[in-house]
Every structure is written in C-alpha cells, then in structure tokens.
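Inspection log for the structure reproduced underneath, given as structure tokens.
Below, chains carry the letters A, B, ... as their sequence lines are ordered, and counting in each starts from 1.
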2 protein chains.
Amino acid sequence: MREIAREVGVQVGALYNYTPDKQSLLFDLMKSHLDALLAAFQDDADADPVARLKHFVQFHIHFHHDRPDAVFIAYMELRNLTPANFVQIETLRRAYEDRLEAILRAGVITGDFAVADTKIAMRAVIAMLTGINTWFRADGRLSLDDVTAQYWQMVCKAVSASDGSSP
Amino acid sequence: MREIAREVGVQVGALYNYTPDKQSLLFDLMKSHLDALLAAFQDDADADPVARLKHFVQFHIHFHHDRPDAVFIAYMELRNLTPANFVQIETLRRAYEDRLEAILRAGVITGDFAVADTKIAMRAVIAMLTGINTWFRADGRLSLDDVTAQYWQMVCKAVSASDGSSP
DNA sequence: AGGATATCTGAACAAATGTTCAAAACAAAC
DNA sequence: GTTTGTTTTGAACATTTGTTCAGATATCCT
C-alpha cells in the first residue's frame, strides 16, 4: 500500500478513500482486467475455425502485451485472494479459456484441427501465449508482430490436422 | 520462516543453525533445484533431433511433475532474490534453455524442424510444458503419460517441417 | 464569500515477519 | 558420570505492512 501511495504521490491513508482494504483493491484489479478481457474478445462462431484461432492468438498476445502490470498481478497475486474471491476470478478466467476451447472444438469437428483433447490443447496454447509477457521487450531483436507471426505458425501447426495444408 | 519451522516441528530460531538468513535459504533451494535439473538431463547430440526433442519433452514434464514445490518456488520467488543471486539463477536457467535450443537448431539444420527463430520456439515449448504444473492433478481425468503423449504431439507438430512425416 | 462536502496528511496502532541470543536440553566421548 | 560440543527453546528486538482517524486542506455549490 505504501508503495502504491508513493507511486501515486499521496500518503497511505488517502488510498483508503478509494478502497476499503487491500484485498478489495486486488480483487477489483483482477476482476476488471478479466472483465475487460472478456469484453474485448470478439469471436464469430460462424467463421472458419482456423481464422478464429488466428484471431484469438493475435488478440491474446496484443491484449496482454498492452497490460503487463495487470497480467503480472493476475498471475502472481492469485494466491493472495480470499477463497471466495479466488473462486470468482477463476470463474472469469475459465470463461475466457472456454472461448478458446470452443474454437478448438469447432475445428476438430470440421477436421481442420486434430487434437486428442481440446482442454489440454487449450491450456497448452494459453500457457505458450501468456509466456510471451515474461520475456518480450519492445526494444528487443524482434517486433511484437514478428513474434505474433511466429507464435501463430507454431500454434497453427500444433493443433492442425497434420497434412500440411493450413500454414 | 515461522511457517517452515512449524512444518518441520521446531522453533523458528533453530532454523538459523541451517541457514544464515532467508535469502540464502531461498537461493540454495533454487540453485540446487536447477543444478539437479541440469545434471539430470542427458542429451545425445548425435541422435536424431526428433528423438532428442521427444526425450526433452518427456524429461521436462516428469522432472517438473516430481518436484512441484521446488518448481513453484523457482517461479514465484524469483523476484525476492537479491540482484546478485538473481543473475546466478538466471544463468542456470539459461543454461537449461540453451540445451533445448541446441536441439531445435540441430533439427532445423537437418530439415526435421522448421521454425523461424529457435529462441522463440524454445520459449514457447518451455512455457507450454512448464504450464502443466499449474493445473495437472494426479487424480484428474488423464494420467501423466496421457498428458505427456499429447504435449509431445503438439510440440512435435509445432516445430516440425510441415510435411506430415513426423507425428 | 461562506458553508458543505470530499480528500489528504501525519501520526499512530496492531499484527506479521526476519533475526538474535542466553539459557536449557540433548548427544557423544572418555 | 562428568566433560565437551551441538542443537533447541523461549523470549525478545527491529522492520515492515495493513489499517485507522482527528485535524488540516482543498473543492464545489449557491
């Protein structure tokens, strides 16, 4: 709290005009992050599964890249939520994951994708993409668009029916 | 420290016969984890890159599955290391990552793999595999061997030259 | 301008946490 | 069984951290 106050340029006490306690602040940060995530992701269930997946990959990478702090908190502070708050946050995260899984399921049905278990594949994709935030730096060797293109290649191949048609 | 003491069944003070301070304890835990990781991973540079990669995937998953606590600490407590200790730990982690990258580079040369950038691919693979620890439960739907097989499928396809020959 | 309302400061309190140390308990050697 | 060396206890100290609150300061409305 003192760290936040210093960053904001205010005394600690003043923060308590904006949050009843630290737990609520943490929870509100996470919840609004996940609400924004769910609201921002648009998916057209009638489109081609490959195009939907590509859009998901691009969306996920850019959305997370734009909010490094929120993403960091959402991952590192999970264990500091009360059980009740944890459940709520997990429910939201699950809802987002379900959107990806739905794409994968659709692709399996059309034959575009070949994965043994869509839930496993979904977790693999999410972990892969979210991992970018831990190492990507804008002043690095590659632009975010380069990185996005390469991740899309890998994700696409990883879940594709392996006939070499998609990438 | 009090939590550790309670778990061990001893008073806090007694712990300080075994570690000069908490920072050293944390550092020693991480270092011995990474030393063990590097020592345990055997790689045959003359073997087929696909076989080497498969072995890496299986090794990584099982090694990390056997040490959930060490893995958890190695990821969540990184930011609590002193700068000097952080550098040492990062160097070890980097050494491990380099072993994977070497496999990918070898496969690119032989034409078994097709990735635009081996460092990016290496990070994607590591993130994917390490992510398993956050959700896998032994009493879940799938056995660790099932999960390993599926991840191997995905990793293999993700980095393969996309001619459908490898999986 | 003056009063009502909102916001901030400065200092304090309480709990948690890393660390120390003298005395007690224990173990090993002769 | 006494001596010597090691380990543990129990209590204390210093810092950090979440939180509160009375009084000061700023903002807004008429």
Problem set entry | Phe41(A) and Tyr96(A) aromatic ring geometry - parallel, tilted or perpendicular at 30°/60° bounds | perpendicular
Exercise. Rounded to whole angstrom units, what separation is found between the CZ atom of Arg6(B) and the P atom of dA16(C)?
Worked result: 12 Å
Exercise. Should the pair Glu97(B)-Arg93(B) be classified as a salt bridge under the 4.0 Å nitrogen-to-oxygen rule?
Worked result: no
For this session: Within residues 15-28 of chain B, find the residues that approach DNA chain D with a heavy atom at under 4.0 Å, and present them sorted by residue number.
Result: Asn17(B), Tyr18(B)
Exercise. Whole Å only: how far is the CD atom of Gln11(A) from the P atom of dG18(D)?
Worked result: 15 Å
For this session: Could you check which residues of residues 74-88 of chain A get a heavy atom under 4.0 Å from DNA chain D? Sort them by number, please.
Result: none
Problem set entry | Selection from dT19(D), dT17(C), dG10(D) that lies nearest to any side-chain heavy atom of Arg2(B) | dT17(C)
For this session: Provide, to the nearest angstrom, the distance between the CD atom belonging to Glu3(A) and the C1' atom belonging to dT15(D).
Result: 15 Å
Exercise. Do side-chain atoms of Lys157(A) reach the backbone of Ser160(B) as a donor and acceptor pair under 3.5 angstrom?
Worked result: yes
Seminar exercise, completed: Rounded to the nearest 0.5 Å, the CD atom of Glu90(B) sits from the CG atom of Leu34(B) at a distance of 9.0 Å
Exercise. Members other than Phe72(A) in its cluster, when Ile, Leu, Val, Met, Phe, Trp, Tyr link by side-chain heavy atoms under 4.5 Å?
Worked result: Met76(A), Phe72(B), Met76(B)
Exercise. Between His64(B) and His60(B), how do the two ring planes meet: parallel, tilted or perpendicular, split at 30° and 60°?
Worked result: parallel
Problem set entry | Arg79(A)/Glu77(B) ion pair, N-O < 4.0 Å | yes
For this session: Without swapping roles, check the side chain of Asp43(B) against the backbone of Ala45(B) for a donor-acceptor pair under 3.5 Å.
Result: no
